[in-house]
Amino acid sequence: MFALVDCNNFYASCERVFAPRLEGRPLVVLSNNDGCVIARSNEAKALGIPMGAPYFKIEPLARAQGLVVRSSNYALYGDLSRRVMQILADCAPRTEIYSIDECFLDLAGLPQELTAQALAIARRVRQWTGIPVSIGMAPTKTLAKLANRLAKQGQTPTPPVLEWGRLADPAATLARVPVEDLWGIAGRWGGRLRALGLDHAQAVCLAEPRRLRQHFGVVMERIGWELRGVSCLPLERAPPPRQQILTSRSFGERLTELTELRAAVAAFAARAGEKLRAQGLCAQALSVFIQTSPFTTTAPYYANAATLGFEHPSQDTGTLIGCATRGLERIYRPGHAYQKAGVLLLDLVPAGVEQGTLFPYPPSDPQRSRRLMETLDRINRRQGRHTLRYGAEGMSGRWRMRQQLKSPAYTTRWEDLPIVRAS
DNA sequence: TCTGGGGTCCTAGGACCC
DNA sequence: TCTGGGGTCCTAGGACCC
């Protein structure tokens, strides 16, 4: 038996935890660079603001309707997520953190009163963190996801919890669920399922699994089995090691000069290196890409990428920046207004087991590099990111993101601690 | 003027191995 | 006219997730 705990409108809820006056008001959170809407409160959804809407298009409406708008504040969301996950880890024998706002629980061995248990979990998370959650429970992950969605929609006698086994008529419920609402099915497959006459979850459930496999492959076959109550997707305790690490950003302003791009790309490489070391990995190759805006119609679109292999596996920021810069110089073409760039680390291997080089040239000192990176990371962990950085990253730069509407990092910066006054 | 960032898995086909 | 059987690795493309 699985439970899926999902935080309601997570980013919007995080913004409200330390600003309770936003309770009940329509609220949206914007993507990096204040580009589009990536989270909406229920009130904002009711206004008809779609997910992913470019902000400049809804701005007039926003003003007229008193919409509250925030830049994304990942320091805050990440910290509140960690707290929620910690509470959940105490509530079940095994958990799987599925995303920043979702967690699967393995309910095996828990007392039978599952609904009562789940209601208590939801209350506890709300009381201890201020974050509202919904919980779906079922014998498979796919059904637990669905139960969660139905619970969120209020289709449950025990909000915010829905236990699949307590449904009076599961088949009729499935028949009311459009295929696109199933976990793992989006637009393309939805269209193809409908073309086969399978347009609701119950039709997929009744379809011959072999047929699903023929038309779509093993992924869809598993969805079919899971809808029938046959669990195919186990709880994953330890996340598998990363296969790639990407750091990319849209620029606050368009860039045309190589010098400016170089600083941006160096900063991305440095950040990617931090992530790499935090995971205990080394990269064996790096890819750098740049692109102009895909939405501009007045200038030709240009996008390109360069991939470079390393002499030997590395987690040294200096090496990463050097490679990224060489790659950039290969693909940079003057005359374009670049909108975005990124650095992708590839062929990751665990640090410490990498293949050495018999005749390194130029001679290098891996111990020295390792100590330097450890010191760099330690200082930046304690004193704040960017305290110590490479000169190539530049001090500021027009490429840095616009984030004009960001709330304070209430829980992760001393200066931003909220002050409570008694009156 | 203004449009996110970060990932995963699966499949088919080609090249190659013994 | 007829040409084995069993495998791996790599890449590109397509789909999906939050």
Side-chain angles (χ1 to χ4, degrees), chain A residues 4-11 28-40 49-60 62 69 71-74 77-78 81 96-104 141-142 145 148-149 179-193 212-223 232-233 236 239-254 268 271-272 275-276 279 285 287 289 291-299 301 305 307 309 337 339-348 401-405:
Chain A
L4 176 66
V5 182
D6 190 324
C7 302
N8 300 346
N9 313 323
F10 183 54
Y11 297 171
V28 297
V29 176
L30 301 180
S31 61
N32 272 332
N33 225 17
D34 295 343
C36 15
V37 173
I38 57 165
R40 307 160 293 160
I49 298 169
M51 188 69 165
Y55 178 54
F56 72 91
K57 285 190 182 171
I58 62 157
E59 203 173 352
V69 181
S71 303
S72 34
N73 182 348
Y74 288 102
Y77 312 153
S81 168
E96 173 191 341
I97 298 172
Y98 177 66
S99 73
I100 194 165
D101 69 334
E102 287 175 66
C103 185
F104 284 104
K141 281 180 158 182
T142 302
K145 273 286 243 188
N148 188 290
R149 175 185 273 263
V179 280
E180 291 85 358
D181 285 2
L182 289 171
W183 187 36
I185 298 176
R188 301 292 168 86
W189 280 6
R192 282 176 55 194
L193 282 166
L212 292 176
R213 186 175 199 129
Q214 275 165 10
H215 283 280
F216 300 92
V218 69
V219 176
M220 187 69 79
E221 184 187 356
R222 282 192 201 120
I223 293 173
C232 305
L233 306 169
E236 315 230 1
R242 288 250 167 282
Q243 302 187 19
Q244 48 180 247
I245 288 173
L246 174 67
T247 299
S248 74
R249 293 285 180 277
S250 298
F251 304 133
E253 293 173 46
R254 304 283 187 260
F268 299 160
R271 177 68 189 122
K275 296 187 203 173
L276 185 69
Q279 302 260 330
S287 192
F289 69 87
Q291 63 179 57
T292 61
S293 169
F295 299 99
T296 302
T297 48
T298 52
Y301 178 64
T307 303
Q339 173 253 353
K340 179 178 180 173
V343 169
L344 180 63
L345 304 181
L346 300 158
D347 297 344
L348 307 184
M401 293 185 291
R402 285 188 306 267
Q403 290 193 310
Q404 292 168 341
L405 307 164

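By convention in this document, chain letters (A, B, ...) are assigned in the order of the sequence lines, proteins followed by strands, and residues within each chain are numbered from 1.
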Pick base, sugar-phosphate or nothing for Tyr55(A), based on heavy-atom distances below 4.0 Å to the nucleic acid. nothing
Listing, residues 181-190 of chain A side-chain donor-acceptor contacts under 3.5 Å, not counting sequence neighbours, or none:
from: Asp181(A); atom 1: OD1; to: Arg149(A); atom 2: NH1; distance (Å): 3.4
from: Asp181(A); atom 1: OD2; to: Arg149(A); atom 2: NH1; distance (Å): 3.4
from: Trp183(A); atom 1: NE1; to: Tyr98(A); atom 2: OH; distance (Å): 3.3

Looking only at atom types and distance, does a side-chain atom of Asp101(A) sit under 3.5 Å from a main-chain N or O of Phe10(A), one as donor and one as acceptor? no
Distance from Leu246(A) atom CG to Arg271(A) atom CZ, nearest 0.5 Å? 12.0 Å
Can you list, in residue-number order, the parts of residues 185-193 of chain A that come under 4.0 Å of DNA chain B, counting heavy atoms only? none
Which value, rounded to the nearest 0.5 Å, describes the distance between Leu30(A) atom CG and Ile58(A) atom CD1? 7.0 Å
Stems of at least 3 consecutive Watson-Crick or G-U wobble pairs (donor-acceptor distances under 3.5 Å) involving DNA chain B, listed by first number, are B:5-18 with C:5-18
Output yes when a side-chain donor or acceptor of Arg192(A) lies under 3.5 Å from a complementary backbone atom of Phe216(A), and no otherwise. no
Would you classify Ile245(A) as touching base, sugar-phosphate or nothing, given that sugar-phosphate means primed atoms plus P, OP1 and OP2, and contacts are heavy atoms under 4.0 Å? sugar-phosphate
Of all nucleotides in DNA chain B with an atom under 4.0 Å from a non-hydrogen atom of chain A, which is the first and which the last going 5' to 3'? dC2(B) to dT11(B)
May I ask you to say what Arg254(A) touches in the nucleic acid, namely base, sugar-phosphate or nothing, with a heavy-atom cut-off under 4.0 Å? sugar-phosphate
For Ser72(A), which contact category applies under a 4.0 Å heavy-atom criterion: base, sugar-phosphate, or nothing? nothing
Assign Asp101(A) to base, sugar-phosphate, or nothing according to its heavy-atom contacts below 4.0 angstrom with the strands shown. sugar-phosphate
List the atom of Met51(A), the atom of Arg40(A), and the distance in Å for their closest heavy-atom pair. N-NH1, 3.6 Å
Look at all strands and tell whether Glu59(A) reaches a base, only sugar-phosphate, or nothing, counting heavy atoms closer than 4.0 Å. nothing
Using heavy-atom distances to pick each residue's nearest nucleotide on DNA chain B, tell me which of Thr296(A) and Leu344(A) is more 5'. Thr296(A)
Is there a donor-acceptor pair closer than 3.5 Å between any side-chain N or O of Ser293(A) and the backbone N or O of Gln339(A)? no
Distance (rounded to the nearest 0.5 Å) between Leu276(A) CG and Leu345(A) CG: 5.5 Å
What I'd like to find out is whether the side chain of Val37(A) reaches to under 4.5 Å of the side chain of Pro50(A), using heavy atoms alone. no
Residues at least two apart in sequence or cross-chain that pass side chain to side chain donor-acceptor pair (under 3.5 Å) with Thr142(A), listed by chain then number, are Glu226(A)
Of Arg222(A) and Asp34(A), the one whose closest DNA chain B nucleotide lies more 5': Asp34(A)
What residues, two or more places apart in sequence or in another chain, satisfy ring pair (Phe, Tyr, Trp, His ring centres under 6.0 Å) together with Tyr77(A)? Tyr11(A), Tyr74(A)
